[in-house]
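One structure is given here, and the rest of the page talks about it.
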Amino acid sequence: MEKGSLECVRKFSTAPFLLKTYMLVEDPTTNDVVSWNDDGTTFVVLQPAEFARDLLPTLFNHCNFSSFVRQLNTYGFRKVRTSRWEFCNERFRKGEKELLCEIRRKKSWVSKKQHGPQDSDEDQRSLASTFSSNYAVLMHENKRLKKENEVLHSDLTTINTKCRDLLDLVTKYSCAKAEGLDHKPMLFRIILEQVQGQTEVKNNNK
């Protein structure tokens, strides 16, 4: 009797992975990263790198997108399109959270291996798909880091230029003061010349 009760509870319980995934997709504040499709029958990871970096650690304690995709596969989700990360399971739908308890985890790879070479081919395809997804995420993250590096390099160049200009200005001011000249007019003249020079450069670039 006790065994039958445990099996009943197990049958109608929902896996934590499914609940957490449903929470991420349902959250309207993350719609720019992950959201339902128009009719709520699939969900789309719009920005895999941001999804892995910012959202996965909040509920799954890791930031591995390929691991997340593998988990989806074990619960019967399939990738709908090759052009984007859109996943479908007939019992994973917007506004129908009660259906989650009907989603069952697939048998382990060891059990499948005993059924023959066809299952082995499927496993190989799954591994290839996982490798491809992981590579795509890494490429996307690499591009993002390169852009950030370019921006930082540009900012550093600008700061170095301003530092040199400021040092030149201080040097001129110090020399004028040491020679006993009227340094205030000289300082204002230097600043005025620099401003006029910048204005002329901007006008020439227009």
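Using a 4.5 Å cut-off on side-chain heavy atoms (C-beta onward), R105 and Q71 make contact. Between E90 and L99 there is no side-chain heavy-atom pair separated by less than 4.5 Å.
Rounding to the nearest 0.5 angstrom, the gap separating the NE2 atom in H153 from the OG1 atom in T158 is 9.5 Å. A distance of 11.5 Å separates SG of C101 from NZ of K97, quoted to the nearest 0.5 Å. For the atom pair CG of L72 and SG of C88, the computed distance is 11.5 Å after rounding to the nearest 0.5 Å. Taking CZ of R93 as the start and CG of N37 as the end, the distance is 11.0 Å to the nearest 0.5 Å. The CZ atom of F92 sits 11.5 Å away from atom OG1 of T41, with the distance rounded to the nearest 0.5 Å. The line from OG1 of T21 to CG of L55 is 11.5 Å long, rounded to the nearest 0.5 Å.
At a threshold of 4.5 Å between side-chain heavy atoms, the hydrophobic network of Ile, Leu, Val, Met, Phe, Trp and Tyr places L19 and V34 in one connected group. Hydrophobic clustering (side-chain heavy atoms under 4.5 Å, transitive across Ile, Leu, Val, Met, Phe, Trp, Tyr) keeps V69 apart from V80. The cluster map of Ile, Leu, Val, Met, Phe, Trp and Tyr, joined by side-chain heavy atoms under 4.5 Å apart, puts W36 and F77 in the same cluster. Residues F65 and V44 fall into different hydrophobic clusters, defined by Ile, Leu, Val, Met, Phe, Trp and Tyr side chains chained together at heavy-atom separations under 4.5 Å.
Checked against L24 for a side chain to side chain contact (heavy atoms under 4.5 Å, CB included), the options V33, L59, V45, T30 give a single hit: L59.
Nearest heavy-atom pair, V25 versus S35, reported as atom, atom and distance to 0.1 Å: CG1-C, 4.0 Å. Pairing each heavy atom of G95 with each of E26, the nearest pair is N-OE2, 4.3 Å. Summarising the geometry of C63 relative to A52, their closest heavy-atom pair is CB-O, 3.0 Å, with the distance given to 0.1 Å.
Atom CG of D38 has 12 or fewer neighbouring heavy atoms from other residues, nucleotides or ligands inside a 6.0 Å radius.
Within the 3.5 Å criterion, the main-chain N or O of R91 finds no donor-acceptor partner in the side chain of E96. Side chain of K20 to main chain of A15: no donor-acceptor pair is present (N/O by atom type, distance under 3.5 Å, no hydrogens or angles). No side-chain donor-acceptor contact under 3.5 Å links Y22 to the backbone of K94. In this structure a side-chain-to-backbone donor-acceptor pair under 3.5 Å is missing from S154 to V151. Remark: the backbone N or O of Y75 is paired with a side-chain donor or acceptor of N89 at under 3.5 angstrom. For the pair N160 (side chain) and L156 (backbone), a donor-acceptor distance under 3.5 Å is present.
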- request: Could you walk me through whether K106 and N73 pass side chain to side chain contact (heavy atoms under 4.5 Å, CB included), step by step?
  value: CA-CA 8 Å; K106 290 182 179 181; N73 290 336; 5.7 Å; no
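Here the two rings, on W85 and F43, have centers that are 6.0 Å apart or farther. For F68 and F51, the gap between ring centers is short of 6.0 Å.
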